[in-house]
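We use all heavy atoms of the structure for the numbers below, so side chains are in, but hydrogens, waters and symmetry mates are not. Owing to the predicted nature of the structure, the values given are computational and were not obtained by experimental measurement.
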Amino acid sequence: GEIDETITVRFTVNNTGGESATQTIDFLVNDSSSDPADSTEVQLDGGEKSLSFETTAERVDAPALSLTVESEDDSETTVVPVETAEFNITVDAAPPDEVTEGDTVSINTTVENIGEVEGTQDIIFNKTEAGSDDSEVKDDVTLGDGDTTTANFSTTNTSEPGDITLAVETLDDEVTRGVTVEQGKI
């Protein structure tokens, strides 16, 4: 399955005894026995009945989703692979270690989807300095598996002398670089 894809589990309940019986059938996601994702009461006089449960694959389920159907007498588990996009960041050009007040500071990166499927994520640039944060976002960047994009960010440093941190983030990765701001010459 893929992220946000609905997964349907179809199963058959058999009453192999000769008498009518009612049981609760629980649907467990990732071994959640204390809190079933779903359940249903099934009454059978004998024979079998086909049923199904549904769930949606979430990002936290990667790399696999364990799905169990359980009655009082039996259980069956299947494992479904969950394919995800994974956006990895590489710094192509880092800012210098030191700059002077008022200088433009840049960080140039390449973001690659090293996952198995196409995905969409924001790429976020943060500048943190004494007491303040500034952010810039490249919204909804879509990359196929193996595809790349550049994410280059620049900011004019207007802070007082001290340290600033530049960060580029995706849901999967983050790179940071520290820069020391030196006082300008008078």
Legend entry - Rounded distance (nearest 0.5 Å) linking atom CD of E41 with atom CD of Q23: 9.0 Å
Inset, instruction - Output the distance between atom OG (S106) and atom CG (D92), rounded to the nearest 0.5 Å. - result: 12.5 Å
Inset, instruction - May I ask you to decide if T100's main-chain N or O and E182's side chain share a donor-acceptor pair within less than 3.5 Å? - result: no
Legend entry - Check: I7 and L65 side chains under 4.5 Å, non-hydrogen atoms: yes
Inset, instruction - With side-chain contact (heavy atoms from CB on, under 4.5 Å) as the test, would you mind laying out the steps for D163 and V181 before giving the verdict? - result: CA-CA 6 Å; D163 295 326; V181 180; over 6 Å; no
Legend entry - Between N30 and D61: side-chain donor-acceptor atoms closer than 3.5 Å: yes
Inset, instruction - For the residue pair N15 and E48, confirm or rule out a side-chain donor-acceptor distance under 3.5 Å. - result: no
Legend entry - Distance-only donor-acceptor check, side chains S20 and D45, under 3.5 Å: yes
Legend entry - Heavy-atom donor-acceptor pair, D173 side chain to T170 backbone, under 3.5 Å: no
Inset, instruction - Show your working on side-chain contact (heavy atoms from CB on, under 4.5 Å) between D134 and T155 and close with a plain yes or no. - result: CA-CA 9 Å; D134 291 320; T155 182; 5.5 Å; no
Inset, instruction - Please answer: with hydrophobic residues joined when any side-chain heavy atoms are less than 4.5 Å apart, are V137 and V175 in the same cluster? - result: no
Legend entry - Between T6 and E54: side-chain donor-acceptor atoms closer than 3.5 Å: no
Legend entry - Side chain to side chain, R10 and S50, heavy atoms closer than 4.5 Å: no
Inset, instruction - Flag the pair K127 / T165 as yes when at least one side-chain heavy-atom distance between them is below 4.5 Å, and no otherwise. - result: no
Inset, instruction - Nearest 0.5 Å please: distance from the CD atom of E169 over to the CD atom of E174. - result: 4.0 Å
Inset, instruction - Can you see which heavy atom on V117 is nearest to which on D145, and at what distance? - result: N-CB, 3.9 Å
Legend entry - Nearest atoms (heavy-atom pairs only) where G146 meets E112: O-OE2, 3.9 Å
Legend entry - Check: D26 and D38 side chains under 4.5 Å, non-hydrogen atoms: no
Legend entry - Side chains of E86 and N113, donor plus acceptor under 3.5 Å: no
Legend entry - Minimum heavy-atom distance P96-V179, with the two atoms named: O-CG2, 3.5 Å
Legend entry - Pairwise side-chain contact, F11 with L51, heavy-atom cut-off 4.5 Å (strictly under): yes
Inset, instruction - Give the cluster check for V42 versus F53: same hydrophobic cluster or not, with ILVMFWY residues linked at side-chain heavy-atom distances below 4.5 Å. - result: yes
Inset, instruction - Please round to the nearest 0.5 Å and tell me the distance separating atom CD of E136 and atom OG of S154. - result: 8.5 Å
Inset, instruction - Check the hydrophobic clustering (I, L, V, M, F, W, Y; side-chain heavy atoms under 4.5 Å; chains of links allowed) and say if V82 and V9 are grouped together. - result: yes
Inset, instruction - Would you name the heavy atoms of V105 and P95 that are closest together and state the gap between them? - result: CG1-CB, 3.5 Å
Inset, instruction - With rounding to the nearest 0.5 Å, note down the distance linking CG in D4 to OG1 in T56. - result: 7.5 Å
Legend entry - Joint hydrophobic cluster, F153 plus V99, side-chain heavy atoms closer than 4.5 Å: yes
Legend entry - Note, V29 side chain near S66 side chain (heavy atom, < 4.5 Å): no
Inset, instruction - Measure the spacing between OG1 of T12 and NZ of K49 and express it to the nearest 0.5 Å. - result: 11.5 Å
Inset, instruction - Quick one: closest heavy-atom pair of F87 and D172, and the distance? - result: N-OD2, 2.8 Å
Legend entry - Close side-chain approach of T84 and E116, heavy atoms under 4.5 Å: yes
Inset, instruction - Search all heavy atoms of V111 against all heavy atoms of A151 and return the closest pair with its distance. - result: CG2-CB, 4.2 Å
Inset, instruction - Could you tell me whether D97 atom CG has more than 12 heavy atoms of other residues or ligands within 6.0 Å of it? - result: no
Inset, instruction - Assess whether side-chain contact (heavy atoms from CB on, under 4.5 Å) is satisfied between I89 and T110, documenting all intermediate values. - result: CA-CA 6 Å; I89 304 168; T110 297; over 6 Å; no
Legend entry - Cluster check I164, I124: I/L/V/M/F/W/Y, side chain < 4.5 angstrom: no
Legend entry - Residue pair L166, T176: steps toward the side-chain contact (heavy atoms from CB on, under 4.5 Å) verdict: CA-CA 6 Å; L166 304 178; T176 60; over 6 Å; no
Legend entry - Test item: T120 and V141 side chains (from C-beta on) under 4.5 Å apart, heavy atoms: no
Legend entry - D140 backbone acceptor or donor facing D122 side chain under 3.5 Å: yes
